[in-house]
Amino acid sequence: MEKRIRVLVAKPGLDGHDRGAKVVARALRDAGFEVIYTGLRQTPEQITEAALQEDVNVVAMSLLSGAHNTLFPKVVKMIRDKGMKDTLIIGGGVIPDADIPGLKDAGVSAVFTPGTPTGSIIDFIKTNVK
Amino acid sequence: MDIVAELLAGSRLALSRAITAVENEYENATAIMQKLYPHTGRAHVIGITGPPGAGKSTLTDKLAKIYRRQGKTIGIVAVDPTSPFSGGAILGDRIRMNELTLDEGVFIRSMGTRGSLGGLSRKTADAVKIMDAAGKDIIFIETVGVGQSEVDIVKAADTTVVVLVPGLGDDIQAIKAGILEIGDVFAINKADREGAERLKAELDMMLDLDQVKAEWRPPINQTVASQGTGIEELIATIDGHIDYLAASGELARRRTARTRSELIALIEEHINRHVLKQISSSGQLDEMVASLEKRQEDPYAIVTRLLAAFLR
């Protein structure tokens, strides 16, 4: 049995800034994960369907447009509705500290803001993935 | 309901989880493949191969859209390389296929090569069988970006499309052995670039040098996948090959060869596992190595002795 952690790195929303997502994708690759990268401007529907088809253990969303309070919870709900109960869902980007408790209540397991070492994201995934 | 029943009833999640189980060799993997096996053999499998950046994903996206308009359901297995150092991978083929994501008649799965060197992963053929059992009419296998010798696709696909781009080398490249021998159909993509006509002429020459008078001479299409140019013509060529395979009996021959090679591979895998497990857990393997290092025995004698013991 050679399980490998699969992570969907997704960019929901309309901002076109994917440097952060690419840096994280690369770091996860170097940590031995299989990273499915889907590109910019994904709708919650597309992210959910890609997560389902790829059977990922983790959905990692990067968002810098300010729409996180709408889009992150929407993705969580859609993923759970599709029967993916164990998928770890995390987010990152320019997200005000004040918004983080609300996102966690909505089912986003962790939120990584600018300055987070990629090692902490990797550790979090390794510790929490089911 | 178990995963196979759900899959056969149309569950996309079950399809996805079945591929994971087989790819990771979970305990239920063999049982899943056993139950699905009777439902396989219906899909037409199209291999898309070619060098990195040739436009394989974009081309696959466009071809899939046309088959969808014809009402056919589609499976896509997209393979990207696994790092030999970390074991990780960036699987990025979906970037070119985002418009297909929400089409329920399309199922796309990305796979890392996980150490395989032939352009596919070891479990690619199983993923194709699972999609086949799930009722997909056409299944595309997109290989990793290949160089010259990654030709496993020819064993896995019914029709192999080799995608080339202008500007990668002179006509000596075209007569070398390897991927240029495996194309049933050639697509010169990015054909709006300089050198497309020359590449076509060189390929034509290479194909006409073929000493075996084959019934099917691989046609060469020109495409600009990003703009959708030449895609209808490429589909017509592929459909022509599908018709030829059926009419000539070549499809049956190819599938027999595939069934045989898959069975041989499975036998080898099981013999390997059985023998190696036994000699490593018993400590025999270490003893053999020690004996070799002291030059007390030679490896050929050991293998003969070992096989005699197992085949008794």
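Residue numbers begin at 1 in each chain, while the letters A, B, ... track the order of the sequences.
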- Message: For Val22(B), which atoms come within 4.5 Å of any heavy atom of chain A: side chain, backbone, both, or neither?
- Response: neither

- Query: In terms of heavy-atom contacts, does CG of Leu102(B) have more than 12 from other residues, nucleotides or ligands at under 6.0 Å?
  - Reply: yes

- Query: If you count heavy-atom pairs under 4.5 Å between each of Gly83(A), Gly32(A), Ala50(A), Gly39(A) and chain B, which one has the most?
  - Reply: Gly32(A)

- Working for side chain to side chain contact (heavy atoms under 4.5 Å, CB included), residues Glu49(A) and Glu104(B): CA-CA 9 Å; Glu49(A) 187 58 33; Glu104(B) 291 200 356; over 6 Å; no

- Neighbour count above 12 (heavy atom, 6.0 Å) for Arg193(B) CZ: no

- Item | Gap between atom CE of Met84(A) and atom OG of Ser16(B) - 0.5 Å precision | 8.0 Å

- Query: CD of Gln53(A) to OG1 of Thr101(B): how many Å apart, nearest 0.5 Å?
  - Reply: 6.5 Å

- Let me know if Arg6(A) has heavy atoms under 4.5 Å from chain B in its side chain, its backbone, both or neither. side chain

- Message: Could you check whether Asp55(A) and Thr20(B), counting side-chain N and O atoms only, form a donor-acceptor pair closer than 3.5 Å?
- Response: yes

- In terms of heavy-atom contacts, does NZ of Lys155(B) have more than 12 from other residues, nucleotides or ligands at under 6.0 Å? no

- Task: Check the surroundings of atom NZ in Lys277(B): do more than 12 heavy atoms from other residues, nucleotides or ligands lie under 6.0 Å from it?
- Result: no

- Query: Can a donor-acceptor pair be found between the side chains of Ser110(B) and Glu54(A) at a distance below 3.5 Å?
  - Reply: yes

- Item | Straight-line distance of Asn98(B) CG to Leu40(A) CG, nearest 0.5 Å | 9.5 Å

- Query: Taking 4.0 angstrom as the limit, do Arg4(A) and Glu23(B) come out as a salt bridge?
  - Reply: no

- residues 67-94 of chain B vs chain A, non-hydrogen distance cutoff under 4.5 Å, contacting residues -> Thr82(B), Ser86(B), Gly87(B), Gly88(B), Ala89(B), Ile90(B), Leu91(B), Gly92(B), Arg94(B)

- Closest non-hydrogen atoms of Leu13(B) and Leu52(A), given as atom of the first, atom of the second and distance, are N-CD2, 3.9 Å

- Check whether more than 12 heavy atoms from other residues, nucleotides or ligands sit under 6.0 Å from atom CD of Glu45(A), and answer yes or no. yes

- Query: Just how far is it from atom CE of Met111(B) to atom CD1 of Ile36(A), taken to the nearest 0.5 Å?
  - Reply: 11.0 Å

- Task: Give the member of Arg17(B), Arg96(B), Met97(B) that has the highest number of heavy-atom pairs under 4.5 Å with chain A.
- Result: Arg17(B)

- Query: Can you tell me if CZ on Arg19(A) sees more than 12 non-hydrogen neighbours from other groups inside 6.0 Å?
  - Reply: no

